[in-house]
Amino acid sequence: MRSLATLFCFLLVLLTPYWMYFPAIILCIILFPLYGEGIILGLLIDVLYGRPHLGLVLDFPFGMIAGVCVLLAAPIREHLRFNA
Amino acid sequence: MKTNYRPRNNRASGRKRLTLVATLLVIGTAGFFVLRGPILTGAAPAWKGANALSARIDVWLGLLSSKESLARENELLKQQILSREALIMSLRAVSDSREELLRVYGRTASTTGIAAAVLVHPPETPYDVLVLDAGLSEGVREGQRAFLPEGGLIGNVVQVSSHESRVLMYSSSGVRTDAVLERGAVPVNLQGLGGGNFKIDVPKEVVVVVGDRVIAPGIVGHMIGVVGEVETAPTDSALHARIVSAASVSSVRYVIIK
C-alpha cells in the first residue's frame, strides 16, 4: 500500500499541477508512519520545478517542508485512530 | 515486575526520528543537488509523452462537441483572426520603420534565437518556472532571455542541463525587474506576484491607464506586460497598478531564447 501510494505520488508530481501533488504528499505523510518517501518527493519537486541559485538549503524548500511535516506528523498520528 | 506491555520511551523514539529525518535530508539534498541534470533529463520523456497525450485528448474531446457549437466557435474565431490580422498589419508598419531607423544608426533590433518547446509550465510548476526542451547542446546558456514567438519578453534562463533548461519568469513571486511604463517613459520596478502577475507602485502624479504597456528598458523595448488594474486611496501618496504578463503562463507552448 505504501509503495503504491509513493508511486502514485511520484506520477502526480510528474504529470499534475501543484495543487494535486502537494495535498497528496501531505496526506501520505499523515497516513503512513515515518514517511521518508515524502522527503524524497519534496526534493524531487525542488529539482524538477524549483528556483535555483538561492543557496543549498533554499534551493530545496519543499524537501525541508516535507522533513518538518514528517517530524510533526508522528506525534499527531499517535493521537489519531484509524480503526474503530 | 513482569508486564505484558512494552513501556513507551518517547524521548528515544523522538531522537531517532529526528536523526533519521536529518540524515535523509542531508543525504537527499546532496544527492539531488549533484544529480539534478540527469533527473531533469530523465523526466523529459514523461513530460513530452504527457503533452502529446493531452493534445490527442483535446482532439477527441473536440469530436464530442455538437455541430452547432463548433460552427459558432468557428465563426467567432474567424472574426478574431480578421481583427488580429488587421492589428498585426498596422503594428508591422511601425515595427518595420523602427527597425529601419535602428539599422541607420548601426543598431540591429532583431537577432535569431533558439526555438524551444515548453515541457512543463505553471500550474505543474508551483513557481512561474518553465522547463524547456533545449539545453547546452542546443546552445542555450544561463542568463539568456526568453521571448514569446510574438516578441514579448518573459524571463531569464536560470539553469541549463545538457538537453533541458529552466526559465524563471519575471512574474515569479518575489522577483523584481526593472522596466519602463511606456506612457511617459516612467522607470518602474516590477514585483512578481506569481501566476503571470506583477505589481508596481508609482507616485500618484504619474498617469497610468488600464491597457498601458510595460516594456523592458533598452533601445528595442520588448513588451513585458500590460496594465490590468489601477488602484489608489485618497490618503495614499502612491498609485498601485497590477500588471498582467505578456504571456499566459498556463498556455505558453514555445519560446525563443536569445
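Lettering of chains follows the sequences in order, A, B, ..., and the numbering in each one begins at 1.
Across all their heavy atoms, A:L14 and B:A43 have their closest contact at CD2-CB, 3.9 Å. B:A50 approaches A:L15 most closely through the heavy-atom pair CB-CD2, 3.5 Å.
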Given side chain to side chain contact (heavy atoms under 4.5 Å, CB included), test B:E124 with A:T16 step by step and report yes or no. CA-CA 6 Å; B:E124 278 87 2; A:T16 61; over 6 Å; no

Does the side chain to side chain contact (heavy atoms under 4.5 Å, CB included) test come out yes or no for B:F32 and A:L48, once each step is laid out? CA-CA 10 Å; B:F32 276 93; A:L48 292 178; over 6 Å; no

Check step by step if side chain to side chain contact (heavy atoms under 4.5 Å, CB included) holds for B:T125 and A:Y18. CA-CA 6 Å; B:T125 62; A:Y18 66 90; over 6 Å; no

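In this structure, the separation between CZ on B:R36 and CG on A:D46 is 12.5 Å, given to the nearest 0.5 Å. The distance from the OH atom of A:Y49 to the CG atom of B:D128 is 14.5 Å, given to the nearest 0.5 Å.
Atom OH of B:Y127 has more than 12 heavy atoms from other residues, nucleotides or ligands within 6.0 Å.
The aromatic rings of B:F33 and A:F60 sit perpendicular, their planes meeting at an angle over 60°, well past the 30° parallel limit.
Listed for the B:R17 side chain is no donor-acceptor partner under 3.5 Å among the backbone atoms of A:V70.
For the pair B:P126/A:F62, a side-chain contact is recorded, criterion being any heavy-atom separation below 4.5 Å from C-beta on.
Neither the backbone nor the side chain of A:L11 comes within contact range of chain B; no heavy atom of the residue lies under 4.5 Å from a heavy atom of that chain. Residue B:I39 touches chain A through both its backbone and its side chain, counting heavy-atom pairs closer than 4.5 Å. Only the side chain of B:L20 comes within less than 4.5 Å of a heavy atom of chain A; its backbone N, CA, C and O stay farther away.
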Can you give each donor-acceptor pair under 3.5 Å made by side-chain atoms of residues 26-43 of chain A, sequence neighbours left out, with the distance rounded to 0.1 Å?
| from | atom 1 | to | atom 2 | distance (Å) |
| --- | --- | --- | --- | --- |
| A:Y35 | OH | A:T6 | OG1 | 2.9 |
| A:E37 | OE1 | A:R2 | NH2 | 3.0 |
| A:E37 | OE2 | A:R2 | NE | 3.1 |

